[in-house]
Amino acid sequence: MGEQPIFSTRAHVFQIDPNTKKNWVPTSKHAVTVSYFYDSTRNVYRIISLDGSKAIINSTISPNMTFTKTSQKFGQWADSRANTVYGLGFSSEHHLTKFAEKFQEFKEAARLAKEKSQEKMELTSTPSQESAGGDIQSPLTPESINGTDDERTIPEVTQNSEPRAEPTQNALPFTHSSAINKHWEAELATLKGNNAKLTAALLESTANVKQWKQQLAAYQEEAERLHKRVSELECMSNQANAVQSHKSELNQKIQELETTLKKKEEEIERLKEEVEHAKDLQDQKDSLSQKLQEVETHNKEMEGQLSDFEQRLEKSQTEQDTFRNNLKTLLEILDGKIFELTELRDNLAKLIECS
């Protein structure tokens, strides 16, 4: 799947002045999209923001990073790899809080992923190191990778430096969101089917591995027994020719057993690769499930907005009907008054003629 966005918001982006280490330098003229990305191949999380085609933020989240809220709408974090401090100005405190929660969540996920990777490296390196008689090297610590406390210095930000940001996301049409929802549901159904097939294959492969291990142990016992038998036959000088012929047959059988053993070991390695592939598919399924939940949430918001628009339209139509009825009544009254004035004029004209 590659690298996929898992959370996005909008904010004004700043970087600390590399000369003074105190003042903020804006890197975007207006609010831009800031997204969390997850790379399933490398199992890392990154914060990325683009201003047009220029990347103004490209920060890999490490376990020792800290996101600090310096005001109600402003937060910052230090990236020792990029040798800078990033600052984000949000349009509301809610958006800042949500971004900080996601930062903490993905930071913890990065820590767990790193520990898991180190455990795999230790488990992989332990057999070869023990056979060579060497010492096991300790893994790198997060402090040695992500810098010292001096590189994570957090500059002060005054209230006047809070930027105004635009809304977090642009509204999408309701019909487009429904199409996206159906697309992800189809993708999720396909992954569920593949996952079920791989699970069944994995169970079958596990059973085969156990059986092959038992066969391997039996082959090894048979090989040891045959080696002992060969040694016994070599000690019998009165049957040298027969022993030599039998020895050749036994050696050939041992070679066949060793070839079979190599094939079984290769099959075990292939099954291990299939298990890793199944884990990758599970991660892709989890990512698609999270995206589907986000699309469903967005659809509910759009439905609420549509319902509100319909209520406003009905209210507007009711007000127009009332205005038309009032105008019609007023016109009827006006017609009556005009008629009365006409009669009064005629009567006055008659009185003048009579006089």
Side-chain angles (χ1 to χ4, degrees), residues 1-2 39-44 111-141 144-145 189-287:
M1 294 292 290
D39 190 345
S40 58
T41 58
R42 295 189 301 160
N43 203 14
V44 297
R111 183 185 65 80
L112 295 176
K114 186 173 183 179
E115 290 179 355
K116 185 177 180 181
S117 176
Q118 289 178 349
E119 289 177 0
K120 287 184 178 180
M121 290 175 63
E122 291 175 357
L123 292 175
T124 305
S125 61
T126 298
S128 60
Q129 289 174 347
E130 287 179 353
S131 62
D135 297 332
I136 299 176
Q137 299 294 328
S138 61
L140 295 176
T141 62
S144 64
I145 296 176
T190 303
L191 284 175
K192 284 183 179 179
N194 293 337
N195 186 43
K197 293 178 182 179
L198 287 172
T199 302
L202 179 61
L203 293 175
E204 182 180 358
S205 300
T206 303
N208 291 335
V209 167
K210 292 181 180 179
Q211 182 179 1
W212 290 335
K213 286 183 177 179
Q214 293 175 357
Q215 293 178 358
L216 177 61
Y219 291 155
Q220 290 176 344
E221 292 177 358
E222 180 68 11
E224 292 177 359
R225 187 184 66 80
L226 291 175
H227 279 298
K228 291 180 180 179
R229 180 61 178 167
V230 168
S231 299
E232 292 174 359
L233 292 174
E234 287 178 346
C235 295
M236 300 172 62
S237 58
N238 57 346
Q239 298 180 354
N241 294 331
V243 168
Q244 187 66 28
S245 176
H246 195 193
K247 178 181 178 182
S248 299
E249 294 177 357
L250 291 177
N251 287 333
Q252 183 178 1
K253 190 172 183 179
I254 289 174
Q255 291 178 356
E256 293 176 354
L257 290 174
E258 289 176 349
T259 303
T260 304
L261 178 61
K262 289 181 180 179
K263 291 181 179 179
K264 297 299 181 182
E265 290 177 348
E266 292 175 356
E267 186 68 14
I268 290 173
E269 292 297 328
R270 185 182 64 80
L271 290 174
K272 288 181 179 179
E273 293 177 357
E274 291 181 356
V275 170
E276 293 296 330
H277 183 62
K279 291 180 180 178
D280 293 338
L281 288 177
Q282 183 65 31
D283 293 338
Q284 295 176 7
K285 173 188 172 185
D286 295 339
S287 177

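It should be emphasised that the depicted structure is a prediction, and the values quoted were computed from it without experimental measurement.
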Handout entry: Reported CG-to-CD distance for the pair Asp286 and Gln282, which is rounded to 0.5 angstrom
Key = 5.0 Å
Practice task
For Val275 and Lys279, run side chain to side chain contact (heavy atoms under 4.5 Å, CB included): C-alpha distance rounded to whole Å, both residues' side-chain angles, the deciding distance at 0.1 Å, then the answer.
Solution key: CA-CA 6 Å; Val275 170; Lys279 291 180 180 178; 4.1 Å; yes
Exercise for the section: Determine whether Leu281 and Lys285 make a side-chain contact, defined as any pair of heavy atoms from C-beta on separated by less than 4.5 Å. Expected result: no
Exercise for the section: State the NZ-CG distance between Lys116 and Leu112, to the nearest 0.5 angstrom. Expected result: 10.0 Å
Problem - Gap between atom CD of Glu256 and atom CD of Gln252 - 0.5 Å precision - result: 5.0 Å
Exercise for the section: Apply side chain to side chain contact (heavy atoms under 4.5 Å, CB included) to Ser287 and list each qualifying residue two or more places apart in sequence or on a separate chain. Expected result: Lys291
Handout entry: Residue pair Leu233 / His246: nearest heavy atoms and the distance that separates them
Key = CD1-ND1, 3.1 Å
Exercise for the section: Could you tell me whether Glu266 and Arg270 have a side-chain N and a carboxylate O separated by less than 4.0 Å? Expected result: no
Problem - Chi angles and distances behind the salt bridge (Lys or Arg N to Asp or Glu O under 4.0 Å) call for Lys262, Glu258 - result: CA-CA 6 Å; Lys262 289 181 180 179; Glu258 289 176 349; over 6 Å; no
Problem - Reported CG-to-CG distance for the pair Leu191 and Asp283, which is rounded to 0.5 angstrom - result: 11.0 Å
Exercise for the section: Applying side chain to side chain donor-acceptor pair (under 3.5 Å), name anything that partners Arg111, two or more places apart in sequence or on another chain. Expected result: Glu108, Glu115
Exercise for the section: Provide the closest heavy-atom pair for Leu226 versus Lys253 in the form atom of the first, atom of the second, distance. Expected result: CD1-CD, 4.2 Å
